[in-house]
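Numbered from 1 within each chain, the chains take letters A, B, ... in sequence-line order.
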Protein chains: 4
Amino acid sequence: MDNASCASNTVNADENPIQDIDPGYLQAVVDRIERLEEEKSETATAIRDVYSEAKGNGFDPKVIREIIRLRKQDPHELDEQEAILHLYKQALGMG
Amino acid sequence: MDNASCASNTVNADENPIQDIDPGYLQAVVDRIERLEEEKSETATAIRDVYSEAKGNGFDPKVIREIIRLRKQDPHELDEQEAILHLYKQALGMG
Amino acid sequence: MDNASCASNTVNADENPIQDIDPGYLQAVVDRIERLEEEKSETATAIRDVYSEAKGNGFDPKVIREIIRLRKQDPHELDEQEAILHLYKQALGMG
Amino acid sequence: MDNASCASNTVNADENPIQDIDPGYLQAVVDRIERLEEEKSETATAIRDVYSEAKGNGFDPKVIREIIRLRKQDPHELDEQEAILHLYKQALGMG
DNA sequence: AACGCATAAGTAAGAC
DNA sequence: GTCTTACTTATGCGTT
């Protein structure tokens, strides 16, 4: 990192950040974040659109979300959790 | 929409979705969502990295987040809200 | 409600709230909210403690949360969702 | 804690929780959590009601939320954050 | 009834 | 390693 990008000097870098700000670097940071957030937002919209389309075709979005969630999990972990769940259900008379 | 994509027939589309599922369509939906979610996740990581780098350069990530939040708002709306906030603060002796 | 509690007059109640604030009412509102939020926070802590104790006794908190979640749902709704889930899984070869 | 409450034995407590469940203890845990969650839910409703009433009296709920948020912070911390915020704003020409 | 906001819960990362 | 804090997602609520 370029020294010019330092937001504070070395004397009290931890508690007094109110010195030596590089405006150009800060601007660049903000710009990059805003660009990425826009990208993320667009992707989120695209995801919502897919769910919405699926719903329009008679599918249940909530259940599709569940499918997505299940597929994200490690199969072995999933099996374990379901075994424990089954066990607890029985202990509670929910079997 | 193609009829083949219908998850339910026209007789009881609202309450009995358990017929006429097009597996290919459902698979495509799931694939698209998973692809988009991965994209979103990568973007989220990139955002975190920018904050992290900025922090390493002495900037306060929390305040940068606040900056991003403020810039996202409509300036006019923002001014109004701040005016009301100021008013409430005074009414509460927080001025 | 007492007229004195009005935050705005009748001329433009919707868009110009910057008049006629009753400081006492606003203070009361803030006090009530803060009191209730503290209460809520204490309850949340108590819940965490129960999970924590259960974990200490060898139970899996994640699965207990799942149990709680399942019990909150309407049994009929639950059955439907699980039937649809099963259907989708089969369509995706996850059966 | 009573040994009878143990959910697993000492041989493989970490990875095989599927033994020695005390159903009574599990039931008690679930009951306590459900009771506390109901309590929390009621408090949340009461909070919403206060905001709603305030809104009916012409106050802006969003700004009240901001007030609550600000008052929750440590005043010293708050001042510091605002100082940094001011600094960043100036660096970005948002002053 | 659909849309967005706001809360709440679960998850993951970072600090001590 | 624990423990809190922040981010993400999901649900519920109010609004239009």
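What separates NZ of A/Lys72 from P of E/dG10 is a distance of 15 Å, to the nearest Å. The nearest whole Å value for the distance from the CD1 atom in D/Ile64 to the C1' atom in E/dA6 is 15 Å. Computed from coordinates, the A/Arg65 CZ to F/dT9 P distance equals 10 Å when rounded to whole Å. If you measure from atom CD of A/Glu77 to atom P of E/dA12, you get 11 Å, rounded to the nearest angstrom. Distance C/Leu70 CG to F/dA10 P: 16 Å, rounded to the nearest Å. Taking atom CG of residue B/Asp60 and atom P of nucleotide F/dT5, one finds them 15 Å apart after rounding to whole Å.
Residues B/Gln81 and D/Asp60 are in side-chain contact: their nearest non-hydrogen atoms beyond the backbone lie under 4.5 Å apart. Contact check for B/Arg71 versus B/Glu66: no side-chain heavy atoms found under the 4.5 Å cut-off.
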From CA spacing to verdict: side-chain contact (heavy atoms from CB on, under 4.5 Å), A/Tyr25, A/Val30
CA-CA 9 Å; A/Tyr25 176 71; A/Val30 168; over 6 Å; no
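Counting only residues at least two apart or on different chains, the salt bridge (charged side-chain N to carboxylate O under 4.0 Å, His left out) pairs with a member in residues 37-49 of chain B are A/Lys72-B/Glu37, B/Arg35-B/Glu39.
Annotation: proximity of residues 31-53 of chain B to DNA chain E (heavy atom, distance under 4.0 Å) is found for no residue.
Residue whose closest nucleotide on DNA chain E sits further toward the 5' end, between B/Lys55 and C/Arg69: C/Arg69.
Put simply, the side chain of C/Tyr88 never gets that close to the backbone of B/Ile21: no donor and acceptor are under 3.5 Å apart.
Under a 4.0 Å N-O distance rule, the pair A/Glu53/B/Arg32 qualifies as a salt bridge.
Nearest nucleotide to the B/Lys62 side chain, out of F/dA6, E/dG10, E/dA6: F/dA6.
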